[in-house]
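What follows is one structure encoded as structure tokens, with my remarks underneath.
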Amino acid sequence: AAGEALSGPQHLLQQAESMLHEEMANMITRDAVLFPVKGAKPPKKAPPEMDVSLEELKSAADMLEEELHTFSQAAGGELSAEAAVKAALEDGSVKQFVFLPSAKRFVDSRLMGKKERAEAAKHQFEMIDANQQKELKRVKKLEEKMERLLGGYTTKARQALLHIRKLTEERETVAIETEVFETLRAREEKAIETRVEELQEQVEREKNRNKKLQNRFKEVQKTVELLNGKLQ
């Protein structure tokens, strides 16, 4: 009896959860048909829409309001209830629903067998691959468009780079030649100073030699005059 008392509420909760998941899957599938996402293949047929009266909707809203109030009080207040709702949204429950091509709708993965999970995974891979191929084509078109728009500028930029490289090489060559000429100039200036000193020394030697020769000539001239005077 205790086991039946425990299994009863658990069964009801599981049934309610399954109904909720099924309703969410139907809503997602119906939205995918009525409002298809660009690039994604929508299901061929939307699930039938439930015919619910306004009175039933109002009654359900009142029941949800009462349930939320009870949950809030049991959770310790409004802030705790908001934290619990946030945790429920962040725990990845939405990721449990996957699209099953054979069923043409979204299904709770926990209720699927290995074959259905493999089928859903294959479909998800194909969708991702198709989207990737589409993005690659779009990127390629954008690259071609940018190449057409910027082709002239790219050519000019390439030519400018070549010209800059050529000028840089010429500048390096001129810098090397200038350095060589500066070295040669310094050596020539040093050599000129040395040659000037040598020439000045030669001039001084010639001056001294000429001075000696003039003195010698004067002495010889005096001797000749003296001899001429004695001969007369």
Side-chain angles (χ1 to χ4, degrees), residues 32 35-42 79 82-83 86-87 89-96 98-99 109 117-118 120-232:
F35 310 101
V37 179
K38 187 177 180 180
K41 185 177 180 181
L79 294 178
E82 291 181 357
K86 184 178 180 181
L89 292 175
E90 293 178 352
D91 66 355
S93 299
V94 179
K95 296 181 180 179
Q96 296 174 356
V98 294
F99 185 78
S109 60
R117 290 184 181 181
K122 180 181 178 182
H123 174 74
Q124 187 176 10
F125 172 79
E126 291 175 351
M127 292 296 296
I128 294 174
D129 183 67
N131 185 54
Q132 184 180 10
Q133 295 297 329
K134 181 180 179 181
E135 289 297 322
L136 288 175
K137 291 180 180 179
R138 187 175 68 87
V139 171
K140 186 176 181 180
K141 289 182 180 179
L142 288 176
E143 290 178 349
E144 293 176 353
K145 182 178 180 181
M146 293 299 294
E147 185 176 357
R148 288 195 300 269
L149 292 175
L150 303 177
Y153 296 103
T154 304
T155 303
K156 289 183 178 179
R158 190 180 297 109
Q159 293 175 353
L161 289 175
L162 292 175
H163 185 62
I164 291 173
R165 188 179 296 110
K166 182 179 179 181
L167 291 178
T168 303
E169 293 175 354
E170 291 179 357
R171 178 179 176 277
E172 292 176 354
T173 303
V174 171
I176 294 173
E177 292 177 352
T178 302
E179 184 178 359
V180 172
F181 287 130
E182 288 292 335
T183 303
L184 293 175
R185 184 179 66 84
R187 291 180 180 178
E188 287 297 325
E189 289 179 352
K190 186 66 176 178
I192 289 172
E193 293 179 359
T194 303
R195 287 197 296 270
V196 169
E197 291 177 358
E198 292 177 352
L199 290 174
Q200 288 177 348
E201 291 178 357
Q202 291 179 4
V203 170
E204 290 295 329
R205 285 196 298 269
E206 288 296 327
K207 285 183 178 180
N208 294 330
R209 181 171 174 276
N210 289 332
K211 186 176 180 181
K212 290 180 180 180
L213 290 174
Q214 288 177 1
N215 292 332
R216 179 63 178 166
F217 178 75
K218 289 180 181 180
E219 292 177 356
V220 171
Q221 189 177 12
K222 288 180 180 180
T223 302
V224 171
E225 290 178 355
L226 181 60
L227 291 174
N228 290 328
K230 289 180 177 182
L231 291 174
Q232 291 178 358

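Position 1 is the first residue of the sequence; numbering continues from there.
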When you check the gap from the basic side-chain N to the acidic O, do [X] and [Y] get nearer than 4.0 Å?
X	Y	answer
Lys222	Glu225	no
Arg185	Glu182	yes
Glu135	Arg138	yes

Under 6.0 Å from the [atom1] atom of [X], do we count more than 12 heavy atoms belonging to anything else shown?
X	atom1	value
Met127	CE	yes
Glu170	CD	yes
Gln124	CD	no
Glu189	CD	yes

Ignoring hydrogens and angles, tell me if any N or O in the side chain of Asn208 forms a donor-acceptor pair with the backbone of Glu204 under 3.5 Å. yes
Check the pair Arg205, Arg209 against side chain to side chain contact (heavy atoms under 4.5 Å, CB included), reporting the backbone distance first and the verdict last. CA-CA 6 Å; Arg205 285 196 298 269; Arg209 181 171 174 276; over 6 Å; no
Gap separating the [atom1] atom of [X] from the [atom2] atom of [Y], nearest 0.5 angstrom:
X	Y	atom1	atom2	result
Phe181	Glu188	CZ	CD	12.0 Å
Ile128	His123	CD1	NE2	10.0 Å
Lys145	Leu150	NZ	CG	11.0 Å
Arg171	Leu167	CZ	CG	11.0 Å
Gln221	Lys218	CD	NZ	9.5 Å

Are [X] and [Y] side-chain neighbours, meaning at least one heavy-atom pair lies under 4.5 Å?
X	Y	value
Val196	Gln200	yes
Asn215	Lys211	yes
Val180	Glu177	no
Lys140	Glu144	yes
Gln202	Leu199	yes
Gln133	Asp129	yes

Which pairs count as side-chain hydrogen bond (donor to acceptor under 3.5 Å, both in side chains) when at least one residue sits in residues 159-169, sequence neighbours excluded?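 Of all non-adjacent pairs touching residues 159-169, none passes side-chain hydrogen bond (donor to acceptor under 3.5 Å, both in side chains).
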